[in-house]
Amino acid sequence: MNEDLNMLEQTALNDYKYGFVTDIDTDIIPKGLNEAVVELISKKKNEPEWMLNWRLKAYAHWLKMEEPTWPNVKYPPINYQDIIYYAAPKKKEQLNSLDEVDPELLRTFEKLGISLNEQKRLTGVAVDVVMDSVSIATSFKEQLAEIGVIFCSISEAIQKHPDLVKKYLGSVVPMTDNYFSALNSAVFTDGSFCYIPKGVRCPMELSTYFRINAENSGQFERTLIIAEEESYVSYLEGCTAPMRDENQLHAAVVELVAMKKAEIKYSTVQNWYPGDKDGQGGIYNFVTKRGMCQGDHSKISWTQVETGSAITWKYPSVILKGDHSIGEFYSVAFTNHHQQADTGTKMIHLGKNTRSRIVSKGISAGQSQNSYRGLVRAAKGATNARNYSQCDSLLLGDKCGAHTFPYIEVKNKTAIVEHEATTSKIGEDQLFYCRQRGIDAETAVALIVNGFAKEVMNQLPMEFAIEAQKLLAISMEGSVG
Amino acid sequence: MLSIKNIHANIEGKEILKGINLDIKAGEVHAIMGPNGSGKSTLASVLAGREEYEVTEGEVTFLEKDLLELSTEDRAREGLFLAFQYPVEIPGVSTTNFIKAAVNEKRKYQGEEPLDAVAFLKMMKQKMALVEIDQSLLSRSINEGFSGGEKKRNEVFQMAMLEPKLAILDETDSGLDIDALRIVANGINKLRNENRAILLITHYQRLLDYIQPDFVHVLYNGKIVKSGTKELALELEERGYDFITDEADLAASL
Amino acid sequence: MTNVNYFKDQFEQLQDSAPESTITELRTDGFNTFNKSGLPTLKLEEWKYTNISSLFDKDYQFANAPQQLNADDLDEIRLAGHEAANELVFVNGRFIPALSTIRSAASQLVILPLEEAAKGSHQALVKKHLGQSSVYLKDGIHALNTSFIQDGMFILVPKGQQLEQPVYIYHISDARQQNTLSQPRSLIIVEENAKLQLTETYTTLGTAESFTNEVLEMVVKENAFVEYYKIQHDGLNASQVGSTHIHQVGKSYVHTVVVSLNGGVIRNNLNLVLDAEGNETHLYGLYLLKGNSHVDNHTLVDNKRPNCFSNQLYKGIADDSSTGVFSGRIIVQPDAQKTNAYQSNKNIILSDKATINTKPQLEIFADDVKCSHGCTVGQLDEEALFYLRARGIPKAAAEVLLLEAYAADILAQIKPEALRNHVAELIYEHLSIS
């Protein structure tokens, strides 16, 4: 039997519980962005010259670009010279094992519910943790290495696997793709790198946990996952940040490459600090995520549960290049108070017999604005392309907004694309029915919202699903008036 | 157990209940009959605490407590159960989880430990047999895509699980074919005992062939105009509501 | 290329010739906007899929109404049921009373040149309502129409007049000599308890290019009833931006059907502003595209008050190298609780060179609403096609049969029988020519 109710009971929490600050020595560089800063970041990371040149090229390009204004979100102009582009917990030497990690850091992650201590871990999940600008530790590395799986920080990959990085970095999201991807390409500091060799089914979930700690800093991580022919990997991503009054920028780029018959399942529980109930503070989450179904019969599946961030701007996408490839996008986006989310996906059908499926559930409460924006394109050569999209919105309260902006572009006469969207509120009858059975209004709303989001929650790996449900329950706190 | 004294209730400014008096003791089965629009379902809604209805006068005591002071959910936790005429669908919420939440909320209210999965499952199995409901129905979303009969059976199943002191069954017979009616009525009969009161609200006498009431009341134009034993129901069946309503209209006009 | 200087000269000439009035003021505002915005390009979100700025390479000219056009010339283009209709004629964007036939009594239907209405007893109405569409249509092409409001038309259906005779508007562009730019402008007021049935159709004479940039504004008052039909079946040399802005200021009923069969680049803006509690609106559209036709239907339903109902169904077929675009926006404002708004867009794509772009949008700021949209892009039902062929019907005929069936539910929304049969015939002919 499913335990969601118990969980809802246990999580009658009031606030963002990840809002603490870790008191730790941090190596930071001065605020501001220029060529010298890009060089400094590269130098701090001891990067080869090709990497520095790549960054500088991206930076030069970024200078020529304009910040996008088309998303349905509003925020004051960002001063890019007022951000710290590199902040790292100080460490003495290269760490040889987890035992050498600063105990304060270990405690931080214990508090976040993430044990870095492998012996203590009951479930087989390998974790890479990234605090501010650097990767702190990666667990289960050796076990994974035995079967040829590379799971490490992107910084380490640049040092140890330069050929792979050179080949794939920027291959799915070109540095010139958009304003934030160009910025990220210039200043990214860390992130995860996964390589699954041919025929290997990765035996455990790979997971990265992102944490912003330093003040006034931005987080620019870069993730690259390559799944060779007939391989499989499930990757999880979680994130939190301290509560601070000012807004912090998070501009990540994630690239996935799936070769013939390979499958990548990418799950995110996004819980960056959303700001307080008056809309003060919170993370600007401007992220570019894209997967390339390079080979025939490959599959990429994005699942996201978005509850955090003051502003979210993100469209995890799939380019369906290989014939018979499959793209999926499952999303729950919950916004409360003054949060704004403009999120959705792009499914670009290029190959023959490609299929995609989009399930988006938006829930708006408080004075928040929640938009779904998606593109489904069937190109000329996408014979027999199929897409089905379902976008539902649920409104809790009369001061919030729910918006749907799907774009559908079809240039092939054998393609079939279907899109459906609905908007509704929780029915008075549904609430009364629950209350007549002795369930109070707040619990009833949580129950109904979880039911609304169930199709997406079911896509998450078990452990993550539980965390996601807890999050939803916490985020909804105070949204029933 | 339940004592209703001179209840008046409005919806959107229109008076529907115009002074209802009714006493129900533990173990008794009362039937409230009446033509459409007489206020039967309003009475059920007022007792369960539906907020659209405004009680303008009168009082209701349930187990020595002022019922009208309690929230909807506290009335439920005190042991008042309403089987809905039109049970609502809640997509994505499994029936089992829903009932588990309800059962444990009630236990919490009464200061008891919540049931663990094993104990709950055991209880479910037992009650399922009692009301002849299929396991597959319970793993589906609440009432979603259920047939009329399945919805009503689900209501009776929830009644069995929640073990109410007072069960109000609002038109539980409506929309049921004869086989479904028999199964639902059997379930209700099995739940009948000396500690539990049942209030049947129905338009037709046929439900009363299966569930024998101790008392029958006729509701008309917001008031109980006639009370009697089960023979009254038979008389209504034979002569129609007219013979009572005409009488009531006459009395009202004098 | 029709450049900005041409418009500037024309604008100055026009303004110089007229004494200052409500209309000249509007023109000035319009021209300022046009100067600032220019013609819309693909960079504008609302013009993402339709390029009209490149059309202006064709060096369109404003043209005066030709002398040689007479009432007999109209016979070619008359719509069925015209014997009992009020027939109003625009030539090159100018309302020509001499070619128009008004059959309703003057007490039932007031039809005046717009300039005249702006001066006389309807002055207040014109001042209040003319130009209201600019609040919603802010682009340069709309402003271009406003810059040149001239020889427009004013229609008033007075209180309580349940007009029996329909109103037909014929838009004729004379492209026999040169590439012609026509900019018709109308203001229509349907007063309390009145009823109006209005149909517009478009014809280009000659083989040069025509561009019609039309703006029609309509105000619908309490308890009024309006049916609006737009039939587009012009030549491939005829392009158009047609904006219809309907403001329901009282609880009223509006029913619209837009049928696009042939044409060059066509953009239809249809705005419904539901500005009174309990409004009801139905929007239907059909586009059956062949050749290089490009038809873009933009609808906007702005729910401003509670308890409004709207339903939209647009269906399209794209064959050959044609492009069909649908963009439907439903806005539910914070005050518009209990809104019910539905929208559906269905498309069939018949050729590998054809394109369908569709963009249904919901923007909802109230919680107690029921809104949905859906859209599909697909093909003819292969099973049905096979079934028909198995019964001995040749493939081409079977396809026409199925396409006709596909169009049938929109056709059925044209309520007057004569007009419906007329459009049915046009559809059949259009589909049968391969």
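Chain A is the first sequence line, chain B the second, and so forth, proteins listed ahead of strands; every chain is numbered from 1.
- A heavy-atom distance below 4.5 Å is not found between the side chains of A:K399 and C:F365.
- Chain A forms the most heavy-atom pairs under 4.5 Å with one residue out of C:V369, C:D352, C:T376, and that residue is C:D352.
- Residue C:Q343 does not touch chain A at all, counting heavy-atom pairs closer than 4.5 Å.
- Between the NZ atom of C:K48 and the OH atom of A:Y407 there is a distance of 6.0 Å, given to the nearest 0.5 Å.
- A distance of 16.0 Å separates NZ of C:K43 from CH2 of A:W70, quoted to the nearest 0.5 Å.
- Heavy atoms from other residues, nucleotides or ligands lying under 6.0 Å from NZ of C:K315 number more than 12.
- Both the backbone and the side chain of C:E363 come within contact range of chain A, with heavy atoms under 4.5 Å apart.
- Comparing A:T383, A:L395, A:I408 by heavy-atom pairs within less than 4.5 Å of chain C, the highest count is held by A:I408.
- Between C:T355 and A:E409, every side-chain heavy-atom pair lies at or beyond the 4.5 Å cut-off.
- Contacts of C:T358 with chain A are made by both backbone and side-chain atoms, with heavy-atom separations under 4.5 Å.
- For A:Q390, no part lies under 4.5 angstrom from a heavy atom of chain C.
- If you measure heavy-atom distances from C:Y342 to chain A, you find no contacts under 4.5 Å at all.
- Top candidate by heavy-atom pairs under 4.5 Å with chain A, chosen from C:Q337, C:K353, C:E45, C:K370, is C:E45.
- By the 6.0 Å contact criterion, CZ on C:F386 is open, its count of non-hydrogen atoms from other residues, nucleotides or ligands being 12 or less.
- Separating the CD1 atom in C:I349 from the CG atom in A:N412 is a distance of 7.0 Å, to the nearest 0.5 Å.
- Residue A:P406 comes nearest to C:P360 through the heavy atom pair CD-O, 2.6 Å, listed as atom of the first residue, atom of the second, then distance.
- Of the candidates A:T423, A:T422, A:T404, C:H373 forms a side-chain contact (heavy atoms from CB on, under 4.5 Å) with just one, namely A:T404.
- Taking 4.5 Å as the limit, every side-chain heavy atom of A:D398 sits out of range of all side-chain heavy atoms of C:P334.
- C:L362 and A:A421 make their closest contact through CD1-CB, 4.4 Å (heavy atoms, listed as atom of the first residue, atom of the second, distance).
- Between the CG atom in C:L380 and the NZ atom in A:K413 there is a gap of 10.5 Å [rounded to 0.5 Å].
- Heavy-atom pairs under 4.5 Å with chain C peak, among A:H419, A:E420, A:Q369, at A:H419.
- Counted within 6.0 Å of CD on C:E383, heavy atoms from surrounding residues, nucleotides or ligands total 12 or fewer; the atom is thus considered open.
- Atoms CG and CD1, from A:N370 and C:I364 in turn, are 11.5 Å apart once rounded to the nearest 0.5 Å.
- Atom NZ of A:K425 sits about 4.0 Å away from atom CG of C:D368, to the nearest 0.5 Å.
- The candidate with the highest count of non-hydrogen atom pairs below 4.5 Å against chain A, out of C:G378, C:C371, C:G374, C:G324, is C:C371.
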